[in-house]
Peer 1: 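I have a structure I would like to understand better, so I am pasting it below and will then ask my questions one at a time.
Proteins come first, then strands; the chains are lettered A, B, ... in the order of their sequence lines, and each starts at number 1. Side-chain atoms are counted along with the backbone in the values below, which use heavy atoms only and exclude waters and symmetry mates.
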Amino acid sequence: MSDVILEARGLTKRYGWRLAVDGLDFDVRRGEIHGFLGRNGAGKSTTIRMILGLVRPTDGRVSVLGRPVRAGAKRDPWPVGAIIESPAFYDYLSARTNLEMLASLSGGASRARIDEILDLVGLTDRQREKVSVYSHGMRQRLGLAQALLPRPELLILDEPLDGLDPKGIRDLRDVMLKVSRERGVTIFLSSHILSEIEMTCGRVLVIHQGRRVFEGPTEELLSDSTAVRLRTGNGADPAALLSTLSFIKRAEPQADAWHLDMDPARVPDLNRALAQAGFDVLELTPLKRRLEDVFISLTGEPDAAETSGADS
Amino acid sequence: MIFRALLRAEWTKTMRMRATYIAFLAVALLVILIEFWLYFMGSRSSLAKSFRAFDFNLAWIINGYTATQIAMMVAFIMLVVPMTIMTFARQVAGENQGGTLRLVLSRPISRFALINAKFLAAGRGRRGGGFWAPPNFDYQGSAAGRLVRDQVGGQLKKMLISPWQCLRRLALAWLLTSWALFTLGAIAFVYSTLNRHPIAAMALTLATFFLVFIVQQLATLESLLIPMFTTIEPYLFTKAMGYWSACFKATIDWDEIVHGLWLLGAYTLVFYALAQLIFRRRDITS
């Protein structure tokens, strides 16, 4: 069985003159939680819609389990569950009827299976109520329930944490981690909550203006830092020495330490130079970057228009 | 299998919507009101009085047959047409606007099967709007009066028909209106696949209906004979939509009914095929 569950090659979508997605290549491997990041309008939702066959690519292809996805065509088998933006339901039906109806369109689900899923997302007690009275968090949980119902191998979640309170985020995260660990479900997770991506995703794909700017392990993305923190003792100022070392690009004094812009591989050289110059080195640490900093460095500072714009 | 599931799902949605029942009740109430008006206001209304006068000769209080024809005509124009447009127009556009269309389309189903199910479920729901019709027909046909009044060669012809024939004619008229509504539904479906807002789809369908209706009226104006309008007039769907009234003539005009059946069927087929094509080809959820 192939290790790659989702594959995109040269995926392109053009709306008139506007290029929403531009030749995107990426792989999602079986069993991993794969983050998907990009600013508003970067092309995340369009990419997800192409994966789900809702939108026809202008060029390129996407395949799930090695089978190409064709928009509008019947897909059989289709081991994919999805939340696409805010999950919408038939408000005049109960949560259970919604699930029963959606399940029937994916080959059906037993009563026991629906009970199990409702229990998993914590909606057992409210299953007979109409969805119109549901809170946003409950709708999100119901969204996850409908996505999990057909026992998917791949779960595609587009902003599932959007608008949730901290407890809601934690609950939903717990469910995601549970299905990933216990059932081996692969998750492709798009979210604006970078701390969640950092916490849950082993790999991450970052896109900007429809193009891929990074794809790889989250750890690699975060460790790819040029920041080093230096703290010296005995009251001596290392400024003069630091200015003489060519591998230090910039040295900024902070309250009790120095923040250096340099290749972390040269830390031993710096340590040696400091020791030879008689400095007591109390701390010399390559800093791990925060995903937020990396994200902004990859995609640029957010502009004002973005704050109100929806993703395409 | 999946088509049956789709059909069942669409049917569930239609039957669980409050609007469906409000629509049914509105039609039923309108018909009852018309019948009561004919019965109680007979002494004040010359139209109603004429029905009563004719039927008193036959020992009936009211001519139920004619009352049904009037009720059907009013209900058809005032309520059933707008409600049909509303039902069909919201099938795709309404779900697209509400966001549930992408939820359904992300399932392993083909768009071809989905739109077929939606069309059939909407048609079935709308046709079900006439649920009041059989008991109403039964009452009108067998108890309230079966007098056919028709102008034949400039002369008013009165003819008493048997209860069975009366029921048969009324049931046929009801089926023919259903057939006509499918044409309107197909037009609404085209606009529903083109618009994200059901209101826009409804407005465009109504606009199309009235535009064609105006052309039909202009074509019959002797003071304004436009050759093109006169040529196309027999083929306009609005003209054909009234073909069910052929059932209320002294002798049923089968030629008119067959012409209407074919013409409306062709319109339905063309518009429905167009809706299919748009729904399958267009990035409807983007």
Peer 1: Anything in residues 116-142 of chain A with a heavy-atom distance to chain B below 4.5 Å? Please list those residues in order.
Peer 2: none
Peer 1: Looking at B:Asp283 and A:Arg49, is there a salt bridge between them, counting it only when a charged N and a carboxylate O are closer than 4.0 Å?
Peer 2: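 No salt bridge links A:Arg49 with B:Asp283.
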Peer 1: Would you mind telling me which of A:Leu52, A:Val55, A:Ile83, A:Asp91 has the largest number of heavy-atom pairs within less than 4.5 Å of chain B?
Peer 2: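 Greatest number of close heavy-atom pairs with chain B: A:Val55.
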Peer 1: Give the interface residues of residues 92-99 of chain B toward chain A, defined by a heavy-atom separation under 4.5 Å.
Peer 2: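 Residues of residues 92-99 of chain B touching chain A at under 4.5 Å: B:Glu95, B:Gly98, B:Gly99.
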Peer 1: Does atom CZ of B:Arg281 have more than 12 heavy-atom neighbours, drawn from other residues, nucleotides or ligands, at distances under 6.0 Å?
Peer 2: no
Peer 1: Surrounding CZ of B:Phe213 (heavy atoms of other residues, nucleotides or ligands, distance under 6.0 Å), is the total greater than 12?
Peer 2: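 No - once you tally the heavy atoms of other residues, nucleotides and ligands closer than 6.0 Å, there are 12 at most.
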Peer 1: Is there side-chain contact between B:Leu103 and A:Ile84, with at least one heavy-atom pair below 4.5 Å?
Peer 2: no
Peer 1: Which residue out of A:Ala88, A:Gly143, A:Ala147, A:Gly53 racks up the most heavy-atom pairs below 4.5 Å with chain B?
Peer 2: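 Answer, by heavy-atom pair count under 4.5 Å with chain B: A:Ala88.
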Peer 1: Could you measure the distance from the CZ atom of B:Arg107 to the CE atom of A:Met101? Nearest 0.5 Å is fine.
Peer 2: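 Output value for this atom pair is 10.0 Å.
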Peer 1: Between A:Glu100 and chain B, with a heavy-atom cut-off of 4.5 Å, which part of the residue counts as in contact: side chain, backbone, both or neither?
Peer 2: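 For A:Glu100, neither part sits under 4.5 Å from chain B.
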Peer 1: Out of the candidates B:Val104, B:Leu114, B:Leu105, only one should pair with A:Leu105 under the side chain to side chain contact (heavy atoms under 4.5 Å, CB included) rule; please name it.
Peer 2: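 Output: one option passes, namely B:Val104.
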Peer 1: Counting only non-hydrogen atoms closer than 4.5 Å, does B:Arg280 touch chain A with its backbone (N, CA, C, O), its side chain (CB onward), both, or neither?
Peer 2: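 For B:Arg280, backbone heavy atoms alone lie under 4.5 Å from chain A.
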Peer 1: Is the number of heavy atoms from other residues, nucleotides or ligands under 6.0 Å of A:Arg9 CZ greater than 12?
Peer 2: yes
Peer 1: More than 12 heavy atoms of other residues, nucleotides or ligands under 6.0 Å from CZ of A:Arg211: yes or no?
Peer 2: no
Peer 1: What's the spacing between A:Asp158 CG and B:Ser106 OG if we round to 0.5 Å?
Peer 2: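 Nearest 0.5 Å value for the CG-OG distance: 11.5 Å.
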Peer 1: Sequence neighbours excluded, which residues qualify as side chain to side chain contact (heavy atoms under 4.5 Å, CB included) partners of A:Ala103?
Peer 2: A:Ala109, A:Leu149
Peer 1: Could you note down all residue pairs passing salt bridge (Lys or Arg N to Asp or Glu O under 4.0 Å) where residues 188-207 of chain B supplies at least one of them, sequence neighbours left out?
Peer 2: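 For residues 188-207 of chain B: none.
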Peer 1: Is it the backbone or the side chain of A:Leu93 that comes under 4.5 Å from a heavy atom of chain B, or both, or neither?
Peer 2: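 The side chain, not the backbone.
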